[in-house]
Number of protein chains: 2
Amino acid sequence: MQLSKYSLFARDLTNEIFSVFIACLLIGFGVLVGHILRNKQKTEAILLNQEKAHQLDLSKREYEVLIEMVDGKSNKEIAETLFISESTVKTHVSNLFIKLDAKRRTEAIHKARNLDLI
Amino acid sequence: MQLSKYSLFARDLTNEIFSVFIACLLIGFGVLVGHILRNKQKTEAILLNQEKAHQLDLSKREYEVLIEMVDGKSNKEIAETLFISESTVKTHVSNLFIKLDAKRRTEAIHKARNLDLI
DNA sequence: TAGGCAATCATACTAAAGTACCATTTTTCA
DNA sequence: TGAAAAATGGTACTTTAGTATGATTGCCTA
């Protein structure tokens, strides 16, 4: 009888621990699902932007320069970030102006925002 | 005997449904926790920005110049829009740089966006 | 009413941005 | 594999942006 009681208790404890364990797993799974769903949106947004960028015929490098430009960096800083010369940055920026139909970098930034490129 | 079997089955089914229900609750709780943790940072950042925005103490004219600047206009164009000289625009812009802690207008635009000023 | 502040404008200057043109190397792809 | 596109970079130049400084006017308020 005592043994039976003990074993019953032990089984209950085991069950309890098991349940808590499962519960933790499920909660963790929920957090993970939320994380994945969040990142999916972000990734899709980036893909969408790249699609749009492609439609505007922006090259990969031009798009990268655009991103840095939006961040408020100078040509020199962009050059340092992308490991290219300021000269090359100016070339990319000029091409961006043509493709975005902008006269200045501030106008280019504004238009890029309106086009949901960034 | 049959009844007993049925009732046992019914109890198992109830338990099963209950378990699934609890599992869903736990997963939902996990998603919620992830969501809350994610937004906590964002909310804190916004509160911090609103405080900063208030401390920035931009004058009416400076704010107006900022808006035009964000629109991608040149100093000359801003001057024409606000019916003031380009010289005055430059003064306001310089003051904006000090208050926003920016070196360039693109950086000022970027910081203003982050501060939810525009 | 004197002092502070916002707004205005000017001049003179330096720094950065932007244009035009050309050239070379890499990548891509039909 | 050969042509096209992309990426890189240089020089020389013009334009715009940004800094420094000083000055005037009008408005609010302690």
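Chain A is the first sequence line, chain B the second, and so forth, proteins listed ahead of strands; every chain is numbered from 1. Note that this is a predicted model, so its numbers are computed, not measured.
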Task: Stretch residues 78-86 of chain B: residues that reach within less than 4.0 Å of DNA chain D through a heavy atom - done: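 Correct list: empty, so none.
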Whole-Å gap separating [atom2] ([N]) and [atom1] ([X]):
X         : N       : atom1 : atom2 : result
Lys76(B)  : dT14(D) : NZ    : C1'   : 14 Å
Leu96(A)  : dT19(C) : CG    : P     : 11 Å
Asn95(B)  : dA6(C)  : CG    : C1'   : 10 Å
Asp57(B)  : dG4(C)  : CG    : P     : 17 Å
Phe97(B)  : dT19(D) : CZ    : C1'   : 11 Å
Glu62(B)  : dT8(C)  : CD    : C1'   : 13 Å
Lys60(A)  : dA5(D)  : NZ    : C1'   : 15 Å
Arg105(B) : dG18(C) : CZ    : P     : 10 Å

What heavy-atom pair brings [X] and [Y] nearest, and what distance separates the two atoms?
X        : Y        : value
Val93(B) : Val65(B) : CG2-CG1, 3.8 Å
Ala79(A) : Ser85(A) : CB-C, 3.8 Å
Tyr63(A) : Leu58(A) : CD1-CD1, 4.4 Å
Lys73(A) : Glu77(A) : CA-OE1, 3.3 Å
Asn75(A) : Val89(A) : OD1-CG1, 3.7 Å

TODO: Please determine, for the side chain of Thr91(B), which listed nucleotide (dG18(C), dT8(C), dT19(D)) has the closest atom?
DONE: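 For Thr91(B), the side-chain atoms sit closest to dT8(C).
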- [ ] Counting heavy atoms from C-beta on, name the nucleotide in dT8(C), dT11(C), dG18(D) closest to the side chain of Val93(B).
- [x]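 From the listed options, dG18(D) comes nearest.
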Quick check: does any side chain N or O of [X] sit under 3.5 Å from a backbone N or O of [Y], one acting as donor and the other as acceptor?
X         : Y         : answer
Lys111(A) : Asp101(A) : yes
Arg104(B) : Gly72(A)  : yes
Arg105(A) : Met69(A)  : no
Thr88(A)  : Ile84(A)  : no

Open item on the list: Could you check whether the side chain of Ser94(B) and the base of dG18(D) have a donor-acceptor pair of N or O atoms closer than 3.5 Å, going by distance alone?
Closed with: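 Looking at the base of dG18(D), it does not pair with any donor or acceptor on the side chain of Ser94(B) (distance under 3.5 Å).
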Using a cut-off of less than 4.0 Å, is there contact between a side-chain N or O of [X] and OP1 or OP2 of [N]?
X         : N       : value
Arg104(B) : dA17(D) : no
His92(A)  : dG9(D)  : no
Thr88(A)  : dG9(D)  : yes

Task: Residue-level proximity of residues 68-75 of chain A to DNA chain C when a heavy atom falls under 4.0 Å - done: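 By residue number: Ser74(A), Asn75(A).
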TODO: Considering only NZ, NE, NH1 and NH2 on the basic side and carboxylate oxygens on the acidic side, decide whether Asp57(A) and Lys99(A) come within less than 4.0 Å.
DONE: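 Lys99(A) and Asp57(A): not salt-bridged.
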Task: Closest-nucleotide 5' rank along DNA chain C - winner of Ser59(B) and Lys90(A) - done: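 Nearest-nucleotide comparison on DNA chain C picks Ser59(B).
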